Amino acid sequence: MQRFHLLLLLAVLIASCGQNDTSRDKSIEGKLFIIGGGSRPEILLNRMIEEAGLWEKGYAIVLPMASEEPDTAIYYGKKQLIDLGMTRVEGLHFIRDKEPNPGWIDSLANASLIYISGGDQNRFMSTVKGTAIEEAIWMAYNHGAVIAGTSAGAAVMSEKMITGNELRYPDYSETFRNIESENIELDRGLGLITTAIIDQHFVKRSRHNRLISAVIEHPGLLGIGIDEATAILVTGNTAEVVGDSQVLVFKNPLGSKHFFKEKLGARQIRLDIYLPGDTFKILK
């Protein structure tokens with residue numbers, strides 16, 4: 001473990017030499033690997049490692065702050081990579097409202113892969129929003145890193161983030177019961193994607209009502225529903241489906257929105273269903 005930390009510090013020092021602050025420079029981008037939750041098949045994880053270039057160099061950081069059990073999230077986040085032969089991986093558990101360790105921030109900013117665990121996307125953003133942690137994630141992305149996340153870690157990728165709460169119904173439900181106005185609650189995510197709303201566990205948990213509501217009320221945005229054991233790899237303006245299941249993309253090209261009391265209606269909502277290996281365009 002000590003040897004790993006020494007190597008990590010050396011990598012940070014080398015990478016930091018001569019670098020300018022490119023935080024949130026949209027002209028320089030890494031890749032996004034957005035997983036819809038559930039199991040993570042070997043083909044999916046191998047692709048994530050490959051895209052990050054980790055077989056040759058660099059290191060991965062697991063961020064567990066979305067989880068109620070961060071130590072467990074770090075353990076399993078590391079284990080799935082170590083089992084595939086990737087040893088240069090560490091977990092960093094930043095504490096909400098606590099000044100982050102500068103060394104950890106440097107390590108995060110210079111990682112080749114940042115992996116955000118599942119749990120509660122609101123918990124994650126309450127820890128990183130407006131902090132040096134968020135800026136370090138962006139710095140890594142601007143330096144070419146892969147930013148990955150599963151479940152809650154997928155939801156935080158978009159600028160307008162689904163919180164999971166229904167404004168009209170205080171009792172939590174895994175899916176929306178209705179397609180209604182002023183019901184979906186959105187908050188700010190990391191903003192790595194600004195033109196889409198990401199939803200997860202999509203087919204398995206029948207979350208169609210939630211994402212349909214979102215694209216009716218926010219017609220300028222795509223609604224991207226990623227199923228379990230499935231990811232989208234976003235490179236530039238192209239998203240590729242990786243894994244075992246489907247990705248559903250909803251569009252409201254006419255900006256259609258109609259009402260009957262609180263119920264929402266719309267015309268010519270478009271739905272595309274993509275399979276592993278398919279690609280589609282996404283402006284970030």
Side-chain angles (χ1 to χ4, degrees), residues 21-36 51 63 65-66 108-109 113-116 121-122 124-165 184-200 202 207 210-226 231-242 247-257 269-272 274 279-284:
D21 181 9
T22 57
S23 176
R24 306 194 184 222
D25 180 356
K26 298 295 280 186
S27 68
I28 309 172
E29 294 178 343
K31 300 177 182 180
L32 306 177
F33 200 84
I34 309 175
I35 307 168
E51 293 294 333
L63 294 180
M65 290 87 79
L108 188 62
L113 170 67
I114 296 173
Y115 178 83
I116 303 170
Q121 55 265 38
N122 306 295
F124 181 87
M125 288 307 302
S126 71
T127 301
V128 309
K129 187 187 299 183
T131 71
I133 308 162
E134 184 177 20
E135 291 303 313
I137 294 170
W138 267 92
M139 287 179 68
Y141 181 57
N142 290 155
H143 297 158
V146 171
I147 312 299
T150 186
S151 189
V156 302
M157 297 288 181
S158 50
E159 183 175 57
K160 291 189 180 296
M161 178 189 77
I162 290 176
T163 68
N165 299 324
I184 186 167
E185 182 181 66
L186 301 176
D187 203 347
R188 182 173 78 79
L190 292 173
L192 296 163
I193 293 178
T194 60
T195 59
I197 296 173
I198 304 294
D199 208 343
Q200 64 279 2
F202 197 74
R207 286 181 162 167
R210 184 159 83 175
L211 209 48
I212 290 170
S213 299
V215 298
I216 293 175
E217 296 208 294
H218 302 273
L221 302 176
L222 296 179
I224 302 177
I226 308 172
I232 58 170
L233 168 65
V234 181
T235 306
N237 292 326
T238 300
E240 177 188 350
V241 181
V242 181
V247 172
L248 280 65
V249 178
F250 294 87
K251 301 176 184 176
N252 185 3
L254 301 182
S256 180
K257 182 162 81 169
I269 296 291
R270 177 175 170 179
L271 167 63
D272 293 301
Y274 296 102
T279 62
F280 60 94
K281 292 299 180 180
I282 174 172
L283 298 175
K284 290 183 289 183

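Note that the coordinates shown come from a computational prediction; the quantities given were computed from them, not determined experimentally.
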Inset, instruction - Kindly determine whether K160 and E217 satisfy salt bridge (charged side-chain N to carboxylate O under 4.0 Å, His left out), including the steps that lead there. - result: CA-CA 12 Å; K160 291 189 180 296; E217 296 208 294; over 6 Å; no

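- Counting only heavy atoms from C-beta outward, the side chains of I114 and Y141 never approach each other to under 4.5 Å.
- Among residues two or more places apart in sequence or in another chain, the salt bridge (Lys or Arg N to Asp or Glu O under 4.0 Å) test is passed with E51 by K31, R47.
- Closest of all the heavy-atom pairs between N165 and T163 is N-OG1, 3.1 Å.
- In this structure, CE on M125 lies 5.0 Å from CD on E134, to the nearest 0.5 angstrom.
- Counting all heavy atoms, side chain and backbone alike, Y274 lies closest to T279 at CE2-O, 3.9 Å.
- At a threshold of 4.5 Å between non-hydrogen side-chain atoms, the residues I232 and E240 do not count as touching.
- When side chains are defined from C-beta on, F202 counts as touching L248, because their heavy atoms get closer than 4.5 Å.
- Note that CZ of R270 is 9.5 Å distant from CG of L222, once rounded to the nearest 0.5 Å.
- When side chains are defined from C-beta on, L190 counts as touching I116, because their heavy atoms get closer than 4.5 Å.
- Although no hydrogens or angles enter the test, the distance criterion places no donor-acceptor pair under 3.5 Å between the side chain of R210 and the main chain of I184.
- Within the 4.5 Å cutoff, the side chain of F33 has heavy atoms near those of the L233 side chain.
- Put simply, CG on D187 and NZ on K129 are 4.0 Å apart, with the number rounded to the nearest 0.5 Å.
- Side chains of L192 and E29 form no contact here, defined as non-hydrogen atoms less than 4.5 Å apart.
- The side-chain hydrogen bond (donor to acceptor under 3.5 Å, both in side chains) check on S151 picks up H201, with sequence neighbours excluded.
- Of all non-hydrogen atoms in I147 and I137, the two that sit nearest each other are CD1-O, 3.9 Å.
- Within the 4.5 Å cutoff, the side chain of V234 has no heavy atoms near those of the M157 side chain.
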Inset, instruction - Take I197 and L186 through the side-chain contact (heavy atoms from CB on, under 4.5 Å) test and state the conclusion after the steps. - result: CA-CA 9 Å; I197 296 173; L186 301 176; 4.0 Å; yes

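- A distance of 8.5 Å separates CG of L221 from CD of E159, quoted to the nearest 0.5 Å.
- Between the side chain of T131 and the backbone N or O of V128 there is at least one donor-acceptor pair closer than 3.5 Å.
- Contact annotation: the side chain of L211 approaches that of I162 to within less than 4.5 Å [non-hydrogen atoms, C-beta and beyond].
- Counting all heavy atoms, side chain and backbone alike, A152 lies closest to Q121 at CB-N, 3.4 Å.
- Between I198 atom CD1 and I35 atom CD1 the span is 12.5 Å, to the nearest 0.5 Å.
- Contact detail for I216 and S256: the closest heavy-atom pair is CG2-O, 3.9 Å.
- When all heavy atoms of A196 and I282 are compared, the pair lying nearest together is CB-CD1, 4.1 Å.
- Separating the CG atom in D199 from the CZ atom in F250 is a distance of 9.5 Å, to the nearest 0.5 Å.
- Remark: side-chain polar atoms of N252 are paired, donor with acceptor, to backbone N or O of V215 under 3.5 angstrom.
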